[in-house]
A.B. asks: 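Take this structure, written in structure tokens, and hold onto it; I'll ask about it next.
Each chain gets a letter, A, B and so on, in the order its sequence line appears, and its residues count up from 1.
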Amino acid sequence: MEKRVEVKLELPSVAPLLDVIKAAADSLQDGLAAPLAMKEIEGEFRDAWSGELLAGQNKDVGALLALFDSNFFATGWISFTEKNAEAIVRACSALRLRLRGRFLPGLTDEALESGEVELTALEETVRKAFMSYVFLATIQEVIIQHLDSSIIDS
Amino acid sequence: MIVAQSNPQSAPSPQGATELALEGVWHVVVLNDPVNLMSYVVMVFKKVLGFDETKARRHMLEVHEQGRSVVWTGLREKAEAYAFTLQQWHLTAVLESDGEAR
């Protein structure tokens, strides 16, 4: 029997974050969240790697966005399964890296790591980006807590 | 085509001394980033490199505290496959030849 984790989200809290997450997802269409750091890889080989990584990244992000379908907007429920968990947990990583790099440059690493951010002091766009960053981390934690072994053994 | 080694059972086998002497020894080094969760990095090390919980946590802490950790050492081709797979999981991985790694 397939392992499945269902989570009920508060629509009024989550819906406003989806625009930010979608914007981050769109910005990942043609760029890697964690660019290749390997200088040793030759040009042609490097391009092939980047292409494959980008295709995988976009597929993963698509799996995450698919959670927020019409059923979610009707009920508030999303489901993580052994089939989608791996892609979603990776997509959250990609989106958090992109949010950090492009949408949250004014916050320090320490503030982001500790979560000790004065929300009321932030502009609305930054506040939404930070809340999206935290929301995606929460999704990752739920998946790792409940589906870690399914991902590792797959 | 890169064949990503993501299943611990299919991890590269130890190399023979002759092969290593001819091709040189390469290290896969994971660099710190301020974004990925510690629990995520531990899971990725277990998944990609086949580490047990203790070893995965040790390397994660090394990355977190020292900024880098050598997570695998061996022939270049297999080191590249590991680095590619770690990048699929959005960890920053680099290759270093034996003389470069500390």
A.B. asks: Please determine, among A:Ala33, A:Ser93, A:Ala34, A:Gly56, the option with the most heavy-atom pairs under 4.5 Å with chain B.
C.D. replies: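 Of A:Ala33, A:Ser93, A:Ala34, A:Gly56, A:Ser93 has the most heavy-atom pairs under 4.5 Å with chain B.
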A.B. asks: Is the count of non-hydrogen atoms from other residues, nucleotides or ligands lying under 6.0 Å from A:Arg127 atom CZ greater than 12?
C.D. replies: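 For A:Arg127, atom CZ is crowded (more than 12 foreign heavy atoms under 6.0 Å).
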A.B. asks: With only heavy atoms counted, which part of B:Thr92 is less than 4.5 Å from chain A, the side chain, the backbone, both or neither?
C.D. replies: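 Contact with chain A is through the side chain of B:Thr92 alone.
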A.B. asks: Decide if atom CD of A:Glu10 counts as having more than 12 heavy atoms of other residues, nucleotides or ligands within a radius under 6.0 Å.
C.D. replies: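 Atom CD in A:Glu10 is not crowded, with 12 or fewer foreign heavy atoms closer than 6.0 Å.
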A.B. asks: Could you label the plane-to-plane angle of the B:Tyr40 and B:Trp89 rings as parallel, tilted or perpendicular, counting under 30° as parallel and over 60° as perpendicular?
C.D. replies: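 If you compare the ring of B:Tyr40 with that of B:Trp89, the planes turn out tilted.
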A.B. asks: Do the charged groups of B:Arg58 and B:Glu53 touch, with an N to O distance under 4.0 Å?
C.D. replies: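 So B:Arg58 does not pair with B:Glu53 through a salt bridge.
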A.B. asks: In residues 105-123 of chain A, which residues are in contact with chain B at a heavy-atom separation under 4.5 Å?
C.D. replies: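 Hits under 4.5 Å: A:Asp109, A:Glu113.
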A.B. asks: Describe, in one word, how the ring planes of A:Tyr133 and A:Phe130 are oriented to each other, choosing from parallel (under 30°), tilted (30 to 60°) and perpendicular (over 60°).
C.D. replies: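 Rings of A:Tyr133 and A:Phe130: parallel, under 30°.
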A.B. asks: Non-hydrogen atoms of chain B under 4.5 Å away: do they reach the side chain of A:Ala94, the backbone, both or neither?
C.D. replies: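 For A:Ala94, heavy atoms of backbone and side chain both lie under 4.5 Å from chain B.
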A.B. asks: Over 60° means perpendicular and under 30° means parallel, so tell me whether B:Phe45 and B:His59 are parallel, tilted or perpendicular.
C.D. replies: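 Because their plane-to-plane angle is over 60°, the rings of B:Phe45 and B:His59 count as perpendicular.
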A.B. asks: Is chain B contacted by the side chain of A:Arg96, its backbone, both, or neither, given a heavy-atom distance below 4.5 Å?
C.D. replies: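 When you check distances to chain B, atoms from both the backbone and side chain of A:Arg96 fall under 4.5 Å.
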A.B. asks: Salt bridge (Lys or Arg N to Asp or Glu O under 4.0 Å) with A:Glu6: which residues, sequence neighbours excluded?
C.D. replies: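 A:Glu6: salt bridge (Lys or Arg N to Asp or Glu O under 4.0 Å) contacts with A:Arg4.
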A.B. asks: Verify whether the ring centers belonging to A:Trp49 and B:Phe84 lie closer than 6.0 Å.
C.D. replies: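 Yes, ring centres under 6.0 Å apart.
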